[in-house]
Amino acid sequence: MAYVNSTRAASGSFQDRLTAITRYVRAAVLRRRMYRQTARELNGLTDRELADLGIHRADIRQIATEAACGK
């Protein structure tokens, strides 16, 4: 015996979708701000200071991305 369920979940209202988009954009802006701040601070350090931290200048982009995105 075959059984098919064709029940669909109710889609959110326009306001719910707009709120979700606004939250997503706000989170993206905050992540970008964190990335830029981290990169700016690390780029402001001398090569000696970066070496003391065990960071190569080529790693700054990756470190800033990890700081902003938590990866």
*Asks:* Roughly how far, to the nearest 0.5 Å, is the CD atom of E49 from the CG atom of D47?
*Replies:*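 Going from the CG atom of D47 to the CD atom of E49 covers 9.5 Å.
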*Asks:* Looking only at heavy atoms, what is the nearest atom pair of A67 and T38, with distance?
*Replies:*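 Here A67 and T38 meet closest at CB-OG1, 3.9 Å.
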*Asks:* Taking all atoms of both residues into account, what is the closest heavy-atom pair of A68 and R31, and its distance?
*Replies:*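 Closest pair (atom of A68, atom of R31, distance): CB-O, 3.3 Å.
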*Asks:* Mind checking whether V25 and L18 sit in one hydrophobic cluster, side chains of I, L, V, M, F, W, Y counted as touching below 4.5 Å?
*Replies:*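 No, because V25 and L18 fall into different hydrophobic clusters, even though each may have its own neighbours under 4.5 Å.
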*Asks:* Should M34 and I63 be regarded as members of a common hydrophobic cluster, given that ILVMFWY residues are connected when their side-chain heavy atoms come within less than 4.5 Å of each other, either directly or indirectly?
*Replies:*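 In one cluster: no.
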*Asks:* First locate atom CG of L42, then atom CZ of R61, and finally report the distance between them rounded to the nearest 0.5 Å.
*Replies:*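 Output value for this atom pair is 13.5 Å.
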*Asks:* Any side-chain heavy atom of R57 sitting closer than 4.5 Å to one from N43?
*Replies:*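 In short, these two side chains touch, coming nearer than 4.5 Å.
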*Asks:* How long is the straight-line distance from CG of L45 back to CD1 of I60, given to the nearest 0.5 Å?
*Replies:*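 Those atoms lie 7.5 Å apart.
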